Amino acid sequence: MQDYDPKEIEAKWQKIWAEKGTYEAKNDSSKPKWYSLIEFPYPSGEGLHVGHPRPYIAMDIISRKRRMQGYNVLYPIGWDAFGLQTENFALKTHKQPAVITKENTDTFRRQIQNLAISFDWSREINTTDPKYYKWTQWLFLKFLEHDLAYKAKMNINWCPKDKIGLANEEVIDGKCERCGTVVEKREKEQWMLRITKYADRLDKDLDTVDYPERVKTQQRNWIGRSEGALIKFGDIEVFTTRPDTIFGATFVAVAPEVAKKLTGNDFGIVAETDRESKEKKGVDTGLKVTNPATKEQVSVWVVNYVSADYGTGAIMGVPADDERDREFALKFNLPIVENYTKAGFEDFGTKVTKFKLRDWIFSRQRYWGEPIPVIHCEKCGVVPVPEKDLPVTLPEVPMYEPTDTGESPLATIDSWVNVECPKCGGMGKRETDTMPNWAGSSWYFLRYADPHNDKEFASMEALKYWMPVDWYNGGMEHTTLHLLYSRFWNKFFFDIGLVPTSEPYKKRTSHGLILAEGGEKMSKSKGNVVNPDTIVNMFGADTLRVYEMFMGPFEQAIAWSEASLIGPRRFLERVWKLATKVSETASMNTEDERMLNESIKKVGGDIEVLGFNTAVSNMMIYSNYLDAKDVITKSEYENLLKLLAPFAPHITEELWETLGQEGSVHEAPWPTFDESKLVRSRCTLAIQVNGRVRATLETTANATENEVKAAALALPEVEKWLNGAIPKKVVVVLGKVVNIVV
RNA sequence: GCCGGGGUGGCGGAAUGGUAGACGCGCGCGACUCAAAAUCGCGUAUCGAAAGGUGUGAGGGUUCAAGUCCCUCCCCCGGCACCA
């Protein structure tokens with residue numbers, strides 16, 4: 001037998017699978033469907049690093065196992081290619097973003113294909129392809145049509161470096177999520193999506209999906225449901241979750257914006273700067289209102305600790321019950337009433353539910369995004385671009401530098417901006433803002449069902465067949481962004497009859513990051529990026545795949561370790577050499593049967609719960625077991641290859657062929673186990689005296705409690721440790737342990 | 001502050017309340033070899049010459065039996081944060 005040469009066999013099989021279309025999903029199949037999804041990558045200029053494939057390999061294992069289990073599997077890939085990084089790189093290199101995107105996706109595609117992830121490449125999509133973003137724009141017009149998209153003048157977070165407005169979610173600790181620059185506030189007209197209208201259902205429907213608890217909790221926190229009451233203190237309506245404490249309310253506090261509306265004066269409390277400070281600030285407005293419970297006059301204060309955009313922007317101050325109100329009352333000598341009677345929940349107000357979630361700022365003032373497909377007409381106002389004129393394509397221009405004025409670079413291209421109003425035929429101007437890069441990713445999982453459709457964004461028939469996604473794996477960092485946004489889009493589409501399910505994803509899991517050796521995050525600037533090409537050259541793709549699954553628990557972050565790759569490589573070498581032990585004359589005894597059945601059970605079970613590290617470990621144990629024998633049966637080897645096939649697709653396919661098997665191992669049925677073969681014929685029990693292990697005892701598996709007890713007590717070690725004492729109690733756990741208590 | 005998730009050998013990590021450290025890396029010894037690499041075999045928590053003792057962040061508790069369950073606390077990671 002030849003030596004294991006991954007280079008040769010990996011190239012060979014990748015070619016064969018591509019030619020045969022082994023991994024292409026069929027829209028018409030009598031098999032049950034299975035839809036696996038990973039977050040499609042942003043094709044950056046840095047290329048793929050070894051962290052990218054971790055989730056791809058994991059979902060590939062699930063997908064390959066499902067195929068072997070008889071499912072018609074959809075496991076697609078595409079490119080989330082709009083975005084700042086490409087645009088900035090384009091500016092620097094004076095290339096068109098579209099050209100750069102083409103180069104980058106070519107690199108990513110080649111790198112991913114080297115790893116034999118069983119993606120259906122015939123369904124590859126790209127958010128920057130006009131054939132794709134035509135439908136992103138079309139879907140945007142649906143939002144507009146149903147009054148879920150609107151333009152509003154508002155204070156937005158502005159990143160002075162990227163020259164772009166940011167959504168609330170994209171601001172971390174007051175800094176731009178991408179570049180870390182401190183954001184500024186700017187007043188600007190922005191397109192908004194009314195995600196708040198879906199707050200209630202986005203929250204409640206989490207009960208209907210299979211997501212990790214931490215993902216649900218994070219989304220719930222972000223949506224921020226709270227049940228409370230609106231209560232009128234004279235002209236001022238306050239929101240409180242504790243209406244029962246109203247008898248203790250000794251003042252009313254309002255946000256500066258609210259004070260200004262009320263009195264035309266903000267009393268020098270500037271929300272922006274003072275809100276940063278944790279110190280309580282406030283000014284008495286001089287206004288008095290009546291506490292509806294106590295009928296007493298209370299003063300109205302402008303404070304820095306109440307937000308205008310939550311609740312009503314006004315609260316009742318209950319210093320006896322609320323820590324913040326207490327701090328404020330103490331500082332400004334306001335009355336504190338302790339031990340007041342509690343009121344009923346709705347005695348003085350009306351019950352109401354409020355959410356922290358804000359509407360989604362949907363405009364960006366940059367070039368490399370989907371143009372928002374509307375035309376502004378002096379006569380007709382905002383006019384949607386008619387469907388027949390979609391897509392509104394990005395003009396190819398040499399200049400698309402962002403501007404300091406906060407206007408999109410598209411605004412400078414007169415020939416593009418000036419158009420006829422589709423309604424009245426008069427002079428119109430195109431909207432020059434583009435969509436955020438969350439737009440294309442908010443619906444891409446729908447397009448995969450029907451990626452080449454040029455009549456619809458996807459046909460209902462295809463969607464009915466494939467949706468919902470059965471298993472979606474992605475990063476925790478998208479929990480309150482992409483994951484929430486795409487649920488919102490899908491729900492809206494469901495409401496208007498475009499998609500068949502209210503929730504897009506049945507099950508969601510998350511992977512941990514792969515860090516550089518030493519535990520730092522991998523980044524080009526730190527120079528610690530490991531390119532999978534290097535590893536594939538040194539060890540082969542199968543070794544890389546097995547290593548990434550074996551290195552640690554899938555959901556935890558873990559540091560890369562090149563030295564550790566040798567373990568998985570040795571394991572594959574061992575499986576390779578095992579082929580020479582297959583013999584017609586070999587047979588299996590009961591222990592061989594047990595090992596085989598147990599391996600099938602453990603590996604299959606571990607895969608389902610993301611226990612890839614223990615699945616690999618179990619296969620190592622089994623191959624070590626087989627290797628210790630002189631000869632093995634074809635059945636033992638065949639089953640080992642099947643279990644390993646989803647992890648190491650090339651080597652198992654090659655060995656499958658060597659073994660003279662029919663067809664592809666990846667189309668062979670997944671092995672099943674026989675529960676009755678799992679019982680051991682003999683077992684070793686730990687014999688404890690007072691809870692400490694003093695001896696072991698080998699018994700037959702069907703020994704009775706009394707037999708085991710007698711045998712244990714007869715052991716010389718036990719006699720020695722008992723030293724004549726009479727056992728008070730003997731606990732026997734059959735197959736496991738005997739504990740003799742004296 | 002609140003909500004999640006963690007803390008186990010030299011390292012990555014295993015363990016339905018039942019022999020802690022599976023599996024892998026590394027290391028040590030041996031075999032093969034002129035030699036080395038590769039491979040194979042044996043060993044590898046810790047203290048101790050041994051008998052035996054001690055060990056899963058700290059301290060209590062429940063139990064015949066605790067890494068696992070309960071209580072108090074410390075530390076690390078992630079999220080939210082003056083949200084009324």
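Note that the structure is predicted; figures quoted are calculated from it, not measured. Chain A is the first sequence line, chain B the second, and so forth, proteins listed ahead of strands; every chain is numbered from 1.
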Could you check whether the side chain of [X] and the base of [N] have a donor-acceptor pair of N or O atoms closer than 3.5 Å, going by distance alone?
X: A/N739; N: B/C64; value: yes
X: A/K577; N: B/U39; value: no
X: A/K280; N: B/C82; value: yes

Do the numbers put A/R508 on top of the ring of A/Y472, so that NZ or CZ is under 6.0 Å from the six-membered ring centre and no more than 45° off the axis?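 Judged by the rule, A/R508 and A/Y472 form a cation-pi pair.
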Between atom [atom1] in [X] and atom [atom2] in [N], what is the gap in whole Å?
X: A/L578; N: B/U39; atom1: CG; atom2: P; value: 16 Å
X: A/I514; N: B/G13; atom1: CD1; atom2: P; value: 12 Å
X: A/D3; N: B/A37; atom1: CG; atom2: P; value: 19 Å
X: A/R569; N: B/A38; atom1: CZ; atom2: P; value: 13 Å
X: A/W301; N: B/C82; atom1: CH2; atom2: C1'; value: 17 Å
X: A/D627; N: B/U39; atom1: CG; atom2: P; value: 12 Å
X: A/N690; N: B/C64; atom1: CG; atom2: P; value: 12 Å

If the [atom1] atom of [N] is compared with that of [M], how far apart are they to the nearest Å?
N: B/G57; M: B/C75; atom1: P; value: 16 Å
N: B/G13; M: B/U8; atom1: P; value: 9 Å
N: B/G67; M: B/G9; atom1: P; value: 14 Å
N: B/G61; M: B/A65; atom1: P; value: 13 Å
N: B/C11; M: B/U19; atom1: P; value: 24 Å
N: B/C70; M: B/G52; atom1: P; value: 36 Å
N: B/U63; M: B/G26; atom1: C1'; value: 39 Å

Using a cut-off of less than 4.0 Å, is there contact between a side-chain N or O of [X] and OP1 or OP2 of [N]?
X: A/T479; N: B/G79; answer: no
X: A/R694; N: B/G53; answer: yes
X: A/Y310; N: B/A84; answer: yes
X: A/Q219; N: B/G79; answer: no

Partners passing salt bridge (Lys or Arg N to Asp or Glu O under 4.0 Å) against [X] (at least two apart in sequence or in another chain):
X: A/E327; value: A/K280
X: A/D309; value: none
X: A/D630; value: none

Side-chain H-bond candidate by donor/acceptor type, A/E237 with A/T312, under 3.5 Å: no
Scan A/Q688 against the nucleic acid and name what it touches under 4.0 Å (heavy atoms): base, sugar-phosphate only, or nothing. base
If a pair satisfies side-chain hydrogen bond (donor to acceptor under 3.5 Å, both in side chains) and one of its residues is in residues 547-566 of chain A, list it, with sequence neighbours excluded.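 Qualifying pairs, neighbours excluded: A/S561-A/S564.
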Scan residues 717-736 of chain A for pairs that pass side-chain hydrogen bond (donor to acceptor under 3.5 Å, both in side chains), counting only residues two or more places apart or in two chains.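 Residue pairs passing side-chain hydrogen bond (donor to acceptor under 3.5 Å, both in side chains), neighbours aside: none found.
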Relative to the ring of A/Y625, is the ring of A/Y622 parallel (under 30°), tilted (30 to 60°) or perpendicular (over 60°)? parallel
Protein proximity profile, nucleotides 23-29 of chain B - base contact B, sugar-phosphate-only contact S, no contact -, cut-off 4.0 Å on heavy atoms: BSSS---
Partner of B/U54 under the Watson-Crick or G-U wobble criteria, both distances under 3.5 Å, comes out as B/A45
Answer yes if the ring centres of A/F328 and A/W301 are under 6.0 angstrom apart, and no otherwise.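 For A/F328 and A/W301, the ring centres are under 6.0 Å apart.
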Would you call B/G61 syn or anti, using the 90° rule around 0?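 Because its glycosidic torsion lies more than 90° from 0, B/G61 adopts the anti conformation.
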